[in-house]
2 protein chains.
Amino acid sequence: MGTRDFMSLALKEAAAAGTRGEVPIGAVISLNGDIIAASGNRTRELNDPTAHAEICVIREAGSKLGSERLMNCDLWVTLEPCPMCASAISFARIRRLYFGADDAKGGAVVSGARLYTLPTCHHAPEVYGGFGEAEAATLLKEFFKERR
Amino acid sequence: MGTRDFMSLALKEAAAAGTRGEVPIGAVISLNGDIIAASGNRTRELNDPTAHAEICVIREAGSKLGSERLMNCDLWVTLEPCPMCASAISFARIRRLYFGADDAKGGAVVSGARLYTLPTCHHAPEVYGGFGEAEAATLLKEFFKERR
């Protein structure tokens, strides 16, 4: 599978999350071209404020691989990660981070705290933004428009 | 129960985590004077890089209370939270955060990114540092000394 396929799956997970009443964000973890984990946001379903899509896939991948360090794994997510998820991605030793839309209000990679640029950051993934950006942003806009 | 009792329990959870080979950090969540959740770090046990003590108690409390927002809950932790945990504490709407030792290298409350001071932070808890500081710092120092 290629870059476009992984982000397509993340977008599908985002849309599915939206239909469940969750904020429509989706994430995928791949290793050597295979999908290890895929999830949308699940904070409402699980009554768990930490159950962002990125955290869900990191937990699933760690459990599957039997390690808290996801060496050589790449993470795909439809929106720029928040500080919680950006930090978790660093702890998990994710190799490459691909994300869709920037999040000027809530992001912490290219926006806000820009955590990977801090001198105290032990591990920063390679970062690639703008994948599936338009579709990811549209999903979020429509979701919040319906709720206002 | 009072402030000192909650931090004592967090310190016990920290010490217990250390004896299990986890980084010795512990956390407690209280509501109206009762303990809702208590845990130490469990990243190794669960193969989950997100299983810091604070995340573990937030997940436990959310599950118990049936809500992703822990209204009126206070969180006690032996070390200044990292960006992942500081952000999760904000999402969980924790009312008051009490922590032990500052963490100049990994903290994100009074150190590093100081996340609660960012204009994009939606909810900042009241923050009280320095509770049980000496004991919390000693636990960590001894843990890492044994491993070097």
Side-chain angles (χ1 to χ4, degrees), chain A residues 21-23 41-52 54-71 73 75 80-94 103-109 111-123, chain B residues 21-23 41-52 54-71 73 75 80-94 103-109 111-123:
Chain A
E22 305 275 1
V23 177
N41 267 18
R42 299 175 67 193
T43 65
R44 290 187 175 196
E45 175 196 347
L46 302 176
N47 291 316
D48 177 1
T50 75
H52 285 193
E54 301 96 312
I55 302 289
C56 293
V57 290
I58 286 171
R59 302 185 78 228
E60 187 183 341
S63 178
K64 275 192 187 164
L65 299 175
S67 169
E68 60 174 304
R69 298 198 173 177
L70 308 178
M71 307 306 286
C73 287
L75 191 146
E80 179 188 351
C82 74
M84 177 177 73
C85 294
S87 183
I89 286 165
S90 172
F91 289 137
R93 304 291 192 272
I94 292 290
D103 184 3
K105 284 186 190 167
V109 176
S111 310
R114 302 181 69 207
L115 290 177
Y116 301 145
T117 68
L118 296 183
T120 47
C121 179
H122 282 296
H123 169 83
Chain B
E22 305 275 1
V23 177
N41 267 19
R42 299 176 66 193
T43 67
R44 290 187 176 197
E45 174 195 347
L46 301 176
N47 290 317
D48 178 0
T50 76
H52 285 192
E54 300 95 311
I55 302 289
C56 293
V57 290
I58 286 171
R59 302 184 79 228
E60 187 183 343
S63 178
K64 276 194 187 163
L65 298 176
S67 170
E68 59 174 303
R69 298 199 173 175
L70 309 178
M71 308 304 288
C73 287
L75 191 147
E80 180 187 352
C82 74
M84 177 178 74
C85 294
S87 184
I89 286 165
S90 171
F91 290 137
R93 304 292 193 272
I94 291 291
D103 183 4
K105 284 187 192 169
V109 176
S111 310
R114 301 182 69 208
L115 291 178
Y116 301 144
T117 67
L118 296 183
T120 47
C121 179
H122 283 297
H123 169 84

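Every chain is numbered from 1, with letters handed out A, B, ... down the list of sequences.
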Which residue out of [options] racks up the most heavy-atom pairs below 4.5 Å with chain B?
options	value
A:H52, A:R114, A:R93	A:H52
A:A92, A:A108, A:G106	A:A92
A:S90, A:P49, A:S87, A:C82	A:P49

What option among B:P83, B:G112, B:A113, B:P119 has the most heavy-atom pairs under 4.5 Å with chain A? B:P83
Drop me the distance from [X]'s [atom1] to [Y]'s [atom2], to the nearest 0.5 angstrom.
X	Y	atom1	atom2	answer
B:C85	B:I58	SG	CD1	7.0 Å
B:C121	A:K105	SG	NZ	14.5 Å
B:I55	B:M84	CD1	CE	4.5 Å

Please output the side-chain donor-acceptor pairs of residues 59-69 of chain B that fall under 3.5 Å, not counting sequence neighbours, one pair per line with the distance.
{"residue": "B:R59", "atom": "NE", "partner": "A:D48", "partner atom": "OD2", "Å": "2.7"}
{"residue": "B:R59", "atom": "NH2", "partner": "A:D48", "partner atom": "OD2", "Å": "3.4"}
{"residue": "B:E60", "atom": "OE2", "partner": "B:K64", "partner atom": "NZ", "Å": "3.4"}
{"residue": "B:K64", "atom": "NZ", "partner": "B:I36", "partner atom": "O", "Å": "2.8"}
{"residue": "B:S67", "atom": "OG", "partner": "B:R69", "partner atom": "N", "Å": "2.9"}
{"residue": "B:S67", "atom": "OG", "partner": "B:R69", "partner atom": "O", "Å": "2.9"}
{"residue": "B:E68", "atom": "OE1", "partner": "A:T43", "partner atom": "OG1", "Å": "3.0"}
{"residue": "B:E68", "atom": "OE2", "partner": "A:T43", "partner atom": "OG1", "Å": "3.3"}

Interface moiety of B:A104 toward chain A, non-hydrogen atoms closer than 4.5 Å: backbone
Taking only residues two or more places apart in sequence, or in another chain, which ones meet A:R42 in a side chain to side chain donor-acceptor pair (under 3.5 Å)? A:E45
